[in-house]
Amino acid sequence: QLQLVESGGGLVQAGGSLRLSCAASGGTFSTYGLGWFRQAPGKDREIVAGISRNGGEANYADSVKGRFTISRDNAKNTVYLQMNNLKPEDTAVYFCAGKWYSTIYYWRGPYNFWGQGTQVTVSS
């Protein structure tokens with residue numbers, strides 16, 4: 001079982017940056033695709049970005065393309081989300097998630113393992 005713990009959330013002004021981290025344990029990290037999701041108050045959870053198990057494939061939601069970057073360090077069992085040029089509409093709880101896959105990585109889901117989330121608030 002993969003356990004995931006997010007960190008790095010906080011309050012930032014519009015135009016600022018934050019870097020989220022998600023530390024994993026309990027599984028062979030390099031065999032999992034990893035995603036970042038977010039959920040704003042009153043809205044459904046949505047995919048933000050996903051990265052394949054070797055980091056060779058990264059995908060993004062249209063709303064964050066060019067501003068967010070997902071990366072992973074398999075030696076440290078950690079996945080990151082660098083968020084630049086943040087906007088008030090990026091305010092949400094951000095979750096990391098993991099999924100094992102055999103050959104094709106469907107980055108939009110479904111995912112089997114979830115962290116508890118970290119709050120990101122962007123003020124205008």
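Predicted, not measured: the structure shown is a model, and the values here were computed from it.
Hydrophobic clustering places I70 together with M83 (ILVMFWY residues linked when any side-chain heavy atoms are closer than 4.5 Å, directly or through intermediates). Hydrophobic clustering (ILVMFWY, side-chain heavy atoms < 4.5 Å, transitive): L18 and V93 are in distinct clusters. Using a 4.5 Å cut-off between side-chain heavy atoms of Ile, Leu, Val, Met, Phe, Trp and Tyr, with links allowed through other members, Y111 and F29 fall into different hydrophobic clusters. When the side chains of ILVMFWY residues are joined at heavy-atom separations under 4.5 Å, either directly or via intervening members, L34 and L20 end up in a single hydrophobic cluster.
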Evaluation steps, side chain to side chain contact (heavy atoms under 4.5 Å, CB included), between N54 and R72: CA-CA 8 Å; N54 66 356; R72 64 189 294 164; over 6 Å; no
Side chain to side chain contact (heavy atoms under 4.5 Å, CB included) between R53 and S30, intermediate numbers included: CA-CA 5 Å; R53 54 196 173 201; S30 60; 5.6 Å; no
Derivation of the side chain to side chain contact (heavy atoms under 4.5 Å, CB included) call for Y60 and T69: CA-CA 8 Å; Y60 301 91; T69 302; 3.7 Å; yes
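Inter-residue side-chain proximity for Q119 and T91 is flagged as met; some heavy-atom pair is nearer than 4.5 Å. The shortest side-chain heavy-atom distance between Y80 and D73 falls under the 4.5 Å cut-off. The side-chain heavy atoms of K99 and Y105, taken from C-beta on, include a pair separated by under 4.5 Å.
Outside the 6.0 Å centre-distance limit, the rings of W36 and F68 are not counted as a close aromatic pair.
Ion pairing between a basic and an acidic side chain is recognised when a charged N comes within 4.0 Å of a carboxylate O; D62 and K65 show such pairing.
What you find for S63 and R38 is that their closest heavy atoms are OG-NH2, 3.4 Å.
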